[in-house]
Amino acid sequence: MQLSELEIIRREKLGQLRALGINPYPADLYPVNHTSKAIKEQYTEGKKVIIAGRLMRKKIQGKASFAEIQDSQGRIQVYFNRDEICSGEDKMKYNELFKKLLDLGDFIGIEGELFTTQVGEITILVKDFKLLSKALKPLPLPKTDSQGNTYDEFIDPEMRYRQRYADLVVNPKVKEVFVKRTKLFTAMRDFFNNSGYFEVETPILQSIPGGAAARPFQTHHNSLDIPMYMRIACELYLKKLIVGGFDGVYEFAKTFRNEGMDRTHNPEFTMMEIYVAYKDYNWMMDFTEELLEYCATQVNGNSKTVFGDHEINFKAPYARVTMTDAIKNFTGFDISDKTENEIREAAKAMGIEVDNAMGKGKLIDEIFGQKCEANYIQPTFITDYPKEMSPLTKEHRSNPELTERFELIICGKELANAYSELNDPIDQRERFEDQVKLAGRGDDEATEFIDQDFLRALEYGMPPTSGMGIGMDRLIMFLTNNASIQEVLFFPQMKPEKKQVAMSEDEKAVFNILKETSPIDLNSLKEQSGLSNKKWDKTIKGLTKHNLVKVEKTPEGMLVTMA
RNA sequence: GACCAGUUAGCUCAGUUGGUAGAGCACCUCCCUUUUAAGGAGGUGGUCCUGGGUUCGAGCCCCAGACUGGUCACCA
């Protein structure tokens with residue numbers, strides 16, 4: 001690995017520290033008893049405190065210095081005075097350790113007393129300090145002025161996502177997003193628990209990926225010698241638990257879909273699914289809007305949030321619009337009592353691309369998706385979806401063409417999806433069979449697996465149940481005004497960054513010798529390689545250029561080392 | 001998958017017509033005992049994403065590729 005000048009300097013400091021008898025990575029605990037936040041909130045002049053954190057600012061003014069320590073709660077200024085730290089004749093601790101060997105990013109512990117500077121800033125007068133961990137890489141540290149303008153902000157998205165640890169250290173707003181994310185999960189969990197529902201875990205590794213139509217990640221179980229899939233939903237398992245007698249079950253489920261990635265899709269994401277017995281989708285709409293109002297308020301302090309150009313209000317109740325009315329409203333076309341062909345012609349007339357693989361439901365869904373969905377900014381329940389698109393949903397109580405399903409749309413995006421769950425096992429089997437036919441017709445959104453075990457469970461009897469799923473990542477995007485899912489995932493999926501260095505055959509051969517012996521004398525390596533002078537020169541230059549090996553001149557001669 | 005844009009110092013970014021690779025901050029050395037993004041003086045630091053090509057000469061032009069972002073397609 002090629003080190004930058006800054007990294008070499010820091011590594012040299014390690015040696016200097018050890019020479020002074022200072023362990024740069026001590027093992028013993030450090031008796032922290034305050035945080036930066038607590039100090040600022042409960043300030044008393046002269047109070048003795050012990051804190052620890054990263055050194056994030058260092059301003060040396062001769063025999064005294066100001067610095068800033070960043071801990072998990074924020075930053076606090078500390079004041080280093082040479083004669084406070086070094087009461088005797090030996091001023092090494094201030095002059096060498098603090099002034100020269102400590103770098104920004106190092107973890108240090110501080111013992112000191114609180115005071116307020118002439119400018120009025122709460123500060124710790126350092127009585128003693130200890131290096132807790134040396135940072136060998138410089139942080140990409142931005143600066144902020146008194147007006148709050150930042151300079152040299154660490155903003156390259158690729159670097160921020162790949163090095164989220166550094167992003168979190170230097171960009172406080174990033175941390176806020178993740179604090180809110182966890183607050184959201186806590187709020188939702190509290191709301192469900194207070195309603196008497198039961199948090200469960202169901203299999204992530206499944207032999208039939210059910211409950212949704214999406215391409216799964218496939219893997220293989222060696223000792224069973226069968227294909228297995230990462231789940232694309234937990235719906236079927238949760239319903240099996242309702243069959244088993246729970247009144248309400250929910251799961252925060254990491255879910256995996258082997259599909260395209262963009263700013264709203266990550267291959268692994270988090271779904272919350274909840275199923276409640278003896279309820280229907282009307283009840284679930286009431287429940288959902290109360291839930292979201294509660295969660296938004298817990299996360300942001302009130303039910304309103306700004307997302308892009310829009311202010312969204314999560315305050316219940318939300319508008320409820322049937323899909324038929326939505327389409328009538330935005331296209332003037334009434335889908336009720338129309339045949340598949342009439343709808344296909346209407347869609348074509350609207351400029352929507354259609355093909356024969358599309359069934360009636362798919363056509364209606366396309367019309368809605370392209371002509372209506374984007375118009376709903378405030379939370380709106382779209383209800384009563386066509387039957388064909390909803391194989392797990394109970395037929396509508398007053399129209400057999402429709403199902404008792406709703407989606408919650410916010411800013412033109414689907415946030416939640418819910419049904420009165422289909423619990424008629426014979427109907428369910430027929431719907432699955434219809435799906436298999438659709439899949440055979442070429443509809444890649446139709447499910448091709450039939451989960452016989454799920455049907456068996458339904459045959460034992462499932463109470464009337466309503467279920468609802470929420471895309472948690474999307475919800476937190478709305479609540480933190482982030483347009484990109486990568487901003488709300490600690491470690492969004494990225495292509496591997498490691499470059500495969502292509503080596504020539506000669507280079508590989510020399511490299512393999514080095515693997516056996518490194519470092520090795522240059523002449524002996526050359527001899528072992530059996531290469532001509534010219535070839536040898538090219539090969540060793542290629543290897544050094546790719547930073548795979550290092551050639552060093554030492555008193556013993558030229559040495560070649562694996563980098 | 002298609003199209004557009006980007007990739008230069010630790011960070012943020014300039015880089016003219018193809019002619020010795022730049023700035024600010026950071027870093028290093030020296031001075032400075034209550035400062036507030038930036039005290040003063042001096043200095044160091046580069047795989048210009050990678051690989052080819054054109055050229056006397058490429059950060060810049062051409063070709064191929066990598067990665068990232070955006071838009072579209074896809075994603076019930």
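Residue numbers start from 1 in every chain, and the chains themselves are labelled A, B, ... in the order their sequence lines are given, proteins ahead of strands.
Nucleotides B:C48 and B:G43 are separated by 25 Å at their P atoms, to the nearest Å. Nucleotides B:A9 and B:A23 are separated by 14 Å at their P atoms, to the nearest Å. Rounded to whole Å, the separation between the C1' atoms of B:U47 and B:A58 comes to 15 Å. As rounded to the nearest Å, B:C32 and B:U44 have P atoms that lie 24 Å from one another. Taking the P atom of each, B:G57 and B:G52 are spaced 15 Å apart, rounded to whole Å. B:U12 and B:U54 have their C1' atoms separated by 34 Å, with the value rounded to a whole Å. The P atoms of B:C4 and B:C11 are separated by 29 Å, rounded to the nearest whole Å. The gap from the C1' atom of B:G1 to that of B:G45 amounts to 43 Å, rounded to the nearest Å.
Residue A:Arg75 is classed as having no contact, given no heavy-atom separation below 4.0 Å to the nucleic acid. The residue A:Glu414 sits apart from the nucleic acid: no heavy atom pair falls under 4.0 Å. In this structure, A:Phe115 reaches the bases: a heavy-atom distance under 4.0 Å links it to at least one base atom across the strands shown. Among the atoms of the strands shown, only primed sugar atoms or phosphate atoms (P, OP1, OP2) are found under 4.0 Å from some heavy atom of A:Ile9. Counting non-hydrogen atoms under 4.0 angstrom, A:Lys99 reaches nothing in the nucleic acid. Backbone-only contact: A:Glu259 has heavy atoms under 4.0 Å from sugar-phosphate atoms and none from a base.
Salt bridge present: A:Glu401 and A:Lys360 bring a charged side-chain N and a carboxylate O closer than 4.0 Å. Of the charged side-chain nitrogens involved, at least one lies within less than 4.0 Å of a carboxylate oxygen, so that A:Glu268 and A:Lys254 count as a salt-bridged pair. In summary, A:Lys387 and A:Asp434 do not engage in a salt bridge, as defined by a charged side-chain N under 4.0 Å from a carboxylate O.
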*asked:* Strictly under 4.0 angstrom, non-hydrogen atoms only: write out the protein contact profile of nucleotides 37-43 of chain B, one letter per nucleotide from the 5' end, B, S or -.
replied: B-B----
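Distance, A:Arg474 CZ to B:A76 P: 10 Å, rounded to whole Å. Counting to the nearest Å, the C1' atom of B:C28 and the CD atom of A:Gln16 are 12 Å from each other. In this structure, A:Asp103 places its CG atom 16 Å from P of B:G10, rounding to the nearest Å. Atom NE2 of A:His265 and atom C1' of B:G70 are 16 Å apart (whole Å). Atom-to-atom, CG of A:Leu141 to P of B:C27 comes out at 9 Å; the value is rounded to the nearest Å. One atom, CG of A:Leu363, and another, C1' of B:A76, lie 14 Å apart when rounded to the nearest Å. Note: CG (A:Leu55) to C1' (B:C27) measures 14 Å, nearest angstrom. Between A:Glu158 atom CD and B:A5 atom C1' there is a gap of 14 Å when expressed in whole angstrom units.
A donor-acceptor contact under 3.5 angstrom links the side-chain atoms of A:Asp152 to the base of B:G24. Contact annotation: side chain of A:Glu121 to base of B:U36, donor-acceptor pair present below 3.5 Å.
With sequence neighbours excluded, no residue satisfies salt bridge (Lys or Arg N to Asp or Glu O under 4.0 Å) with A:Glu121. A:Gln163 is linked by a side chain to side chain contact (heavy atoms under 4.5 Å, CB included) to A:Met159, A:Tyr165, A:Ala166, counting only residues two or more places apart in sequence or in another chain. With sequence neighbours left out, A:Phe129 forms a ring-ring contact (aromatic ring centres under 6.0 Å, His included) with A:Phe80. Partners of A:Glu487 by side chain to side chain contact (heavy atoms under 4.5 Å, CB included), not counting sequence neighbours, listed by chain and number: A:Arg160, A:Tyr161, A:Arg164, A:Asn482, A:Ser484. Every residue meeting the side chain to side chain contact (heavy atoms under 4.5 Å, CB included) condition with A:Glu113, not counting sequence neighbours, appears here in chain and number order: A:Lys48, A:Lys127. Considering only residues two or more places apart in sequence or on other chains, A:Tyr275 meets the ring-ring contact (aromatic ring centres under 6.0 Å, His included) condition with none of them.
With a 3.5 Å ceiling on both atom-pair distances, the Watson-Crick or G-U wobble partner of B:G24 is B:C11. Pair assignment for B:G69 gives B:C4, based on Watson-Crick or G-U wobble hydrogen-bonding distances that are each under 3.5 Å. In this structure, B:U29 and B:A41 make a Watson-Crick or G-U wobble pair, each of the two defining distances being under 3.5 angstrom. In this entry B:G57 has no Watson-Crick or G-U wobble partner, no candidate having both defining distances under 3.5 Å. Pair assignment for B:U50 gives B:A64, based on Watson-Crick or G-U wobble hydrogen-bonding distances that are each under 3.5 Å.
Remark: A:Arg257 is in phosphate contact with B:A76, judged by side-chain N or O atoms under 4.0 Å from OP1 or OP2. The side chain of A:Gln77 places no N or O atom within less than 4.0 Å of a non-bridging phosphate oxygen (OP1 or OP2) of B:U36. Close to B:C28, at under 4.0 Å from its OP1 or OP2, lies a side-chain N or O of A:Lys13.
No more than 12 heavy-atom neighbours from other residues, nucleotides or ligands sit within 6.0 angstrom of CD on A:Glu353. Few gaps surround CD on A:Glu111; more than 12 heavy atoms of other groups in view lie less than 6.0 Å from it.
Looking at the side chain of A:Ala64, the nearest of the listed nucleotides B:G24, B:U34, B:U33 is B:U33. Closest to the side chain of A:Ile155, out of B:A76, B:C27, B:U12, is B:U12. Nearest to the side-chain atoms of A:Met389 among the listed nucleotides B:A76, B:C74, B:G10 stands B:A76. The side chain of A:Ala213 sits closest to B:A76 out of B:C32, B:A26, B:A76.
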May I have the list of side-chain donor-acceptor pairs in residues 407-414 of chain A shorter than 3.5 Å, sequence neighbours left out?
| from | atom 1 | to | atom 2 | distance (Å) |
| --- | --- | --- | --- | --- |
| A:Glu407 | OE1 | A:Tyr385 | OH | 3.3 |
| A:Glu407 | OE2 | A:Arg405 | NH2 | 2.9 |

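Comparing A:Asp156 and A:Gly120 along RNA chain B, the residue whose closest nucleotide (by nearest heavy atom) sits nearer the 5' end is A:Asp156. Checking A:Val119 against A:Glu235, the closest nucleotide of RNA chain B that is more toward the 5' end is the one next to A:Val119.
Atom-to-atom distance recorded for A:Arg18:CZ and A:Lys13:NZ is 15.0 Å, nearest 0.5 angstrom.
Interface residues of residues 161-174 of chain A facing RNA chain B, ordered by number: A:Tyr161, A:Arg162; criterion, heavy-atom separation under 4.0 Å.
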